[in-house]
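Okay, so here's the structure we're looking at.
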Amino acid sequence: LWHTRAKPVVGTTTTCSANSGGTCGVNDGNNSNNETYSKFHYKTNDNDGSRNLHQILLFVSAVLSLGISIGIYMGKSSSSNATSKSKTGRESIISDTLSIFSSGSNKSSKQKKHTPKVQIITKGFDTVLRRMNGADVAFDGIQLQLTQKVKKGSDQPATRMLLDGSFRGRIKSGRMVAIMGPSGAGKSVFLHALAGRIKADSKLALQGDRYLNGQVQPPDAVLPAAFVEQEVNFFPRMTVRETLAFRVALHYGDLLDKDAQQARVSDLLSQLGLDICADTIVGDQKVRGISSGERKRLSIAVEMISSPDLVCCDEPTSNLDSTAAAVVVDKLRQMAVKGKTILCVIHQPSAMIFSQFDDVLLVSQGKQMYFGPVFGIRKYMEDLGYLPEDETGTPEFILDCVSPIPSMWEIPKEAEDRLQVLAKAAMKQAADMDLGVKNGDGMAESSCPSLLGDSTASLDSDCPRTSMWTQFKLLLQRAVAENFRGKDVIMIKTTQQAVVAIIYGAIYSLGHNQASILDRFGLLSLTSIGGANMAIATALRSFPKEKTIAGAEIAIKQYRALPYFAAKAISELPLVFFYNGVMGIILFFATGMNPDRFWTFLGLITLHSLASEASGMAVGAVSPSSEVALAVFPAILILNVIFDGRNISIENTPFLLRWIPKVSLIRWGFEGLVVNEFEGLEFDATDSEGPAAATGKQALAMFGMDDASVEDAVQAEATIMIACWCLAYLGLTLTKQRFVTMQPVRG
Ligand SMILES: Nc1ncnc2c1ncn2[C@@H]1O[C@H](COP(=O)(O)OP(=O)(O)OP(=O)(O)O)[C@@H](O)[C@H]1O
């Protein structure tokens, strides 16, 4: 293949005579004398002595890979059964149950219910945070409209009201509100709309008014709330304590000393009943870590770092058993007792959990159906003519009342009428509500707490609290720790690299005959393709997931994208050096490459990996998900391979695609490796039956690569790498989370 692809050497002619062993000469164009360098010498058995050794190597590599794979599998299964640090599900339940008692009984927290708000701010925080006045939240006329595509002839309306504008109410400081209703009623969208966190979507139009402590909030205000989403992703290999410490340091790294930060972490751990699992890794679907209940409480703890007075939780008890759900709600109750305002979307709570709440907001079909105290709701429904079955608990009863599905005794029309009656009654009830709006007050400029003292850092939610340098240091520490803790991943990748290198070593034995020239081209081409493939695939598989976590952290202004990227890039270096070191050393010595070029070889394969990884990250950053990123991967790789500069001539390349060879990582990787390998090599050109090269330079000239250089390859790969980093950075910044603005409706 290489012979047929070899381009004619410009300004140089190779002349050969085939008889009597054939002589071959290279005319440099200036010298008219055809200097005879060598004879055809395609003797392929000059390495027979080492053939046995290579067969042994091949066998060893197969046994080694099998053995290590089994070892890893056994290690993984045993670690998942008896994790060193994590607990079994049963232990988790026990720990959850224990923490109910350790945190005080439900009864005792219940007794404190309805007590006036007490301002409790952790000692040490006083020096950092201004004491806040609690969060008295009111809302009026919240409406969310969806414009949807409708097929021709369909009777579906082109717009749909997800929230119909009937929402009106006031939640006073220290109250705990349950947002309840049937599935799809609009509970989550209401909570997100109130907090100013509906993800930007051109199909959605939001309007309404929100007030915080009597002040109207700007249309684009994200309320200064702890917002706990249904699913929160964490770095799986960090422990609970480390996760909190990282976030605390990001918030207060420039303001609180280490002791004060640790005190804040300990305080959060004990507030949320997480002491027992503080040193357990968080885990995820693949790595076993803390229990679901502990995970939910960690999500709350992370949001509570700055001690906001408003806490919004979207289904904090979903997927939890009754004990774990009770623990979570109990922790929230304790916060309400301390004066926090708590809003929770909650599904079918048990009577015990339901009784922890002060108020309930009932929602059905995007309408407000009731907003008021928990203790009055049963009577309210009964007064409207809806009587519960005997023994039916209040939560179940009120959910039945607002269900759009007809009960056993109803026809569909009656169910519709029931909802209309309830919606009308709720509007009447809401109309009488005092929203506590302060007269004459203009729009609040910022609802965020501000700093005391002379620190220049700002706690405004529009910017991270720590300097870029502190962000970079913390992010680097986290990234390095996360990379090095994945011991199973490190083992697998090391094995992968070693086995690939051993296989090459078992097959290739590069001597100094003419055939070894072709072998070198083949081996280095495979090395370039394999290196790019592995690095791009690794980045594409892992980065989109990490992007979700980092993107969410950047969206809530924990840190900026720039220090994140700098830390990410630097944190990858040690392992990239290590993997390429393992691969490079085995490959280099097992195949017998040019001994004078070892260090440059190692440098080139490492740079090739880094550039390939950066290109994988760029694709990952602009792709909406890892599935999309992995779907485009084969196309990227194939284009890289096709346009590696030798598989298709530039003349026959479609005009619009002629730029691809210039950015083909595989082309530059290959060129750099080949030029480096042939540097200073000499070949045995005797007894050759075709064109022969006596030096590395001539070998390169035979393949039309006499003008290629290591410097050009390094420059090209470094440029591609930097461009990919910039693209990845842009991708992350441009796909940054934005929220829908709420248009005011006040007269
Ligand atoms: N971005 C969006 N685009 C289109 N429809 C949406 C969007 N967000 C929410 N919806 C629709 O709004 C309705 C209410 O959704 P929401 O998530 O608030 O329901 P929910 O009451 O929380 O239900 P569940 O208890 O099942 O989670 C649903 O029909 C949902 O499909």
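Order of listing sets the numbers, starting from 1, for every ligand and every atom in it.
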Applying side chain to side chain donor-acceptor pair (under 3.5 Å) to D383 and not counting sequence neighbours gives K379
To the nearest 0.1 Å, how far is atom 17 (O) of ligand 1 from its closest protein heavy atom, and which atom is that?
-> S188 CB, 3.6 Å
Answer yes when E546 and K568 have at least one side-chain N-carboxylate O distance shorter than 4.0 Å, and no when they do not.
-> yes
K340-S307 side chain donor-acceptor pair, cut-off 3.5 Å = yes
Of all the atoms in ligand 1, which lie at a distance below 4.0 Å from a heavy atom belonging to R160?
-> 13 (C), 28 (C), 29 (O)
K199: heavy atom below 4.0 Å from ligand 1, yes or no?
-> no
The reported gap from NZ in K187 to CD in E315 (rounded to nearest 0.5 angstrom) is 6.5 Å
For ligand 1, which atoms sit closer than 4.0 Å to a heavy atom of H347?
-> 24 (P), 25 (O)
What residue and atom, counting heavy atoms only, is the protein's closest point to atom 26 (O) of ligand 1, and at what distance?
-> S183 OG, 2.6 Å
From atom 27 (O) of ligand 1, work out which of K187, K203, E315 has a heavy atom at the shortest distance.
-> E315
In the protein, what heavy atom is nearest to atom 10 (N) of ligand 1, and what distance, to one decimal place, separates them?
-> L162 CD1, 3.7 Å
Ligand 1 atoms in contact with G186 (distance to a heavy atom under 4.0 Å) | 14 (C), 18 (O), 19 (O), 20 (P), 21 (O)
Are R170 and F139 in a cation-pi contact, defined as NZ or CZ under 6.0 Å from the six-membered ring centre and within 45° of the axis?
-> no
So the atoms of ligand 1 within less than 4.0 Å of a heavy atom of L204 turn out to be 1 (N)
Hey, is atom 30 (C) of ligand 1 under 4.0 Å from any protein heavy atom?
-> no
Can you check whether H192 and F739 have ring centres sitting under 6.0 Å from each other?
-> no
Candidates G184, S364, P182; heavy atom nearest atom 14 (C) of ligand 1 found on G184
At what distance, to the nearest 0.5 angstrom, does CZ of R175 lie from CG of D358?
-> 4.5 Å
State whether a side-chain donor-acceptor pair under 3.5 Å links D220 with T741.
-> no
Per-atom contacts of ligand 1 with L146, taking only distances under 4.0 Å to non-hydrogen atoms = 3 (N), 4 (C), 5 (N)
Got an N/O contact under 3.5 Å between V189 and ligand 1?
-> yes
Is there a donor-acceptor contact under 3.5 Å from the side chain of Y370 to the main chain of P373?
-> yes
Taking both backbone and side-chain atoms of A185, is any N or O found less than 3.5 Å from an N or O belonging to ligand 1?
-> yes
